[in-house]
Number of protein chains: 2
Amino acid sequence: MATIKEVAKLAGVSVATVSRVLNDSGYVGAESRKKVEQAIEELEFYPNEVARSLFQKKSKLIGLLLPDIANPFFPLLAKGAEDAVNQLGYSLILGNVQDDVEKEEEYLKIFEQNNIAGVLSAVQGSSKRLKNIPLVNLDRVESFEQYAVHTNDYQGGMLAAQAMADRDPKQVVIMVGPKEVPGSFERLAGSIQIFKERDIAYHLFQTTSFRLEDTDETVELFFKEHPNADSVVASNDVYALAIMREAVKRGINIPDELQIIGYDDMPFSRLTYPGLSTIAQPAYEIGYKGAQLLCNCIENKPVKTKRIQLPVELVLRESLREKVEHE
Amino acid sequence: MATIKEVAKLAGVSVATVSRVLNDSGYVGAESRKKVEQAIEELEFYPNEVARSLFQKKSKLIGLLLPDIANPFFPLLAKGAEDAVNQLGYSLILGNVQDDVEKEEEYLKIFEQNNIAGVLSAVQGSSKRLKNIPLVNLDRVESFEQYAVHTNDYQGGMLAAQAMADRDPKQVVIMVGPKEVPGSFERLAGSIQIFKERDIAYHLFQTTSFRLEDTDETVELFFKEHPNADSVVASNDVYALAIMREAVKRGINIPDELQIIGYDDMPFSRLTYPGLSTIAQPAYEIGYKGAQLLCNCIENKPVKTKRIQLPVELVLRESLREKVEHE
DNA sequence: TTCTATTGTGTAACCGATTACACAAACATA
DNA sequence: TATGTTTGTGTAATCGGTTACACAATAGAA
């Protein structure tokens, strides 16, 4: 890789002039500019970001913290973030945290060591150690002063419950996501409100993690605790599908004997039959908008709102029964 | 963030001594070492990787090139890579290439600009521009001199075809993956060998991409071209599930009227019912082993084999009929 | 014409680490 | 005791950029 010195030499100017051409800063004569551009072309020069980053104390790298990239919600989010970030001249350092606080801390340290320009975080407490590094929370909201892109979990919980309530549920079970996930509580509250309003009884089933490895166990437990469930509001699509599978396996007809609604609208939720009805979360958008917001912060551009709320949406497929009118 | 200078001052030594303590290099007196360690502790100092990287012309970052992170094969691979790399003190820069050659080139440039230590690539031609940067190909094999971790696609193709051939297929259709994906051809060859040996007729159906967005279109085309297919060897799980869904929707019984086998064993392939029979690719392992191999190259450690081949495995679920013996 | 403002360019310090080299002290060996 | 080796430490150069500052040349204003 050629350096700025070599370019300067070939162009017959000083490194300062080359740098000015590169950054379009300060005054550069037409003559010099041309010579420098030619030299750059000839040497196929492109500046070393490490050197730049050292001086500026700020790199073109953005840290992306994910709870678990194997959870199908996050690749989509990552893709959105990557697209946005890439368009704006940044790149992502991937921090897969596996719901492990230590690993999260470790990554925040690594980020700092690399003069990261900002952090996109879909995990809990990332804000602590970072001093002057902008951070945007994705999906999960920490506190109200922080930047965040998220969805209305309360509304999502309501939508799911509403869809269920409209379909003559007999034995409702609401799966509640892990306590540490702030959204879980909101969703639950939304669902409960609807069921209370409609005067429909419900049971709760607490899941302890969103990790893909734990589904089998959880599903087994679910059927043990709620063998007569006829209407399930699941905490995400993975659990919904897992329950659906187990149900079909047991010869329970979906949706006649057991109807179910998921949460997220994972890409593969429409690949099953019966297709999973679910609350669609705009994972890609969350990543994309979050990255845009972060880049605006990084570059001190005016930011309209610190918090962007994206809508969720009911997606009806075959896992819910026909809607009962006049209720 | 404290610097090495501040540590030196607090400890009453020179920066060189601090550096020696940090890197356990050269001679350091017991007295000095203790003072430095105390200062480090007191200032919560950790070295700036950017400065280190500038001098060494080599960072602790590894580039990860993926064709499409939304394709569920790759998050798993990424997770494996991340786990390994992280254990060895490196971090990943995510390069999601979207099957776009330009974006790939762009990322390779970005990687160079960041003094990347090495590249893990699951995309085609990444080797061109890199001069002295080690690269390990994941899943896809380019040429025989290159480092790679991959599976035996030929064998995979055979396994899939064998499973099918053992189950009294009447109308076989083999879905062939995109031509650009080297493995596709191998798998096809493996499958064809089996069907030829068994004297079973088959049709081919060419898919043009592995991108998640294109499934609907492809499945529609598939049923138009092969309405009477009774045994499908799919090019991956996503297509297999998509076809299964469409079939069930059309009232075609799985597996009695149409049996199907996928490829990959995605996490959600076991969440459907009927569960998808498939050829399991060790995506996580590919990433993990690939990252280990790369790190060994980077650190000039002895490498036993340039190419690691991992086994694939037939996973039987409900999408295939019962095996017919005595054939 | 003279003075100031604008334009153009180079020199050198700087970012925060690593390390070659010089030098001194302590130790071992002859 | 003289000499060589090992140990310990600091100074300064270096990595590849950016930019403050100095200075010169030119243009414009008075």
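Order of the sequence lines sets the chain letters (A, B, ...), proteins ahead of strands, with each chain counted from 1. Just the heavy atoms: all of them, side chains too, but no hydrogens, waters or symmetry mates, feed the values below. Every value quoted in this text rests on a predicted model; they were computed, and no experiment measured them.
Between B:K57 and D:dG16 there is a side-chain N or O to OP1 or OP2 distance below 4.0 Å. At least one side-chain nitrogen or oxygen of B:S32 sits closer than 4.0 Å to the OP1 or OP2 atom of D:dT9. Distances shorter than 4.0 Å separate some side-chain N or O of B:Q56 from OP1 or OP2 on C:dT19.
As rounded to whole Å, 7 Å separates atom C1' of C:dT18 from atom CG of B:N23. Summarising the geometry, the separation between CZ on B:F55 and C1' on C:dA17 is reported as 8 Å, rounded to the nearest angstrom. For the pair A:K60 NZ and D:dG16 P, the computed distance is 21 Å after rounding to whole Å. What separates CG of B:L54 from C1' of D:dT14 is a distance of 9 Å, to the nearest Å. Between B:L43 atom CG and C:dG16 atom P there is a gap of 14 Å when expressed in whole angstrom units. B:F45 places its CZ atom 10 Å from the P atom of C:dG16, with the value rounded to the nearest Å. In this structure, A:K58 atom NZ and C:dC14 atom P are separated by 22 Å, rounded to whole Å. One can place OH of A:Y27 at 15 Å from P of D:dA27, the figure rounded to the nearest angstrom.
Counting non-hydrogen atoms under 4.0 angstrom, B:T3 reaches the backbone sugars and phosphates but no base. When heavy atoms are screened at a 4.0 angstrom cut-off, B:V13 is found touching the sugar-phosphate backbone but no base atom. Among the heavy atoms of the strands lying under 4.0 Å from A:A2 are primed sugar atoms or P, OP1, OP2 only; no base atom is included.
Axis angle across the helix from C:dT1-D:dA30 to C:dA30-D:dT1, with five pairs used at each end and values rounded to 10°: 40°.
Ring geometry, B:Y284 versus B:Y288: the interplanar angle falls under 30°, so the pair is classed parallel (tilted spans 30 to 60°).
With A:E82 contributing its side chain and B:G95 its backbone, the two residues share no donor-acceptor pair below 3.5 Å.
Considering only side-chain atoms of B:N48, the nucleotide from D:dT19, C:dG16, C:dT18 that sits closest is C:dG16. Of the candidates C:dT11, D:dT18, D:dG10, D:dT18 carries the atom nearest the A:R52 side chain, counting heavy atoms from C-beta on. Checked against C:dC15, D:dG10, D:dT18, the side chain of B:K5 finds its nearest nucleotide in C:dC15. The nucleotide whose nearest atom lies closest to any side-chain atom of B:V15 is, among D:dT11, D:dG10, C:dA17, D:dT11. Distance from the side chain of B:A16 is smallest to D:dG10 among C:dG10, D:dG10, C:dT18.
Counted within 6.0 Å of NZ on A:K34, heavy atoms from surrounding residues, nucleotides or ligands total 12 or fewer; the atom is thus considered open.
Side-chain atoms of A:R20 and base atoms of C:dG10 include a donor and an acceptor less than 3.5 Å apart.
One finds the CE atom of B:M266 at 7.5 Å from the CD atom of B:Q281 (value rounded to the nearest 0.5 Å). For the atom pair CG (B:L94) and CG (B:N96), the distance works out to 6.0 Å, reported to the nearest 0.5 Å.
Look at B:D24 and B:R33 and you find a salt bridge, because one of the NZ, NE, NH1 or NH2 atoms lies within 4.0 Å of a carboxylate O, short of that distance. Taking a cutoff of 4.0 Å between a charged side-chain nitrogen and a carboxylate oxygen, A:E49 and A:R52 qualify as a salt bridge. Taking a cutoff of 4.0 Å between a charged side-chain nitrogen and a carboxylate oxygen, A:D153 and A:R140 do not qualify as a salt bridge.
Nearest-nucleotide assignment on DNA chain D puts the 5′-proximal partner with B:T17, out of A:V18 and B:T17. Where B:P47 and A:V28 each meet DNA chain C at their nearest nucleotide, the meeting point lying more 5' is that of A:V28.
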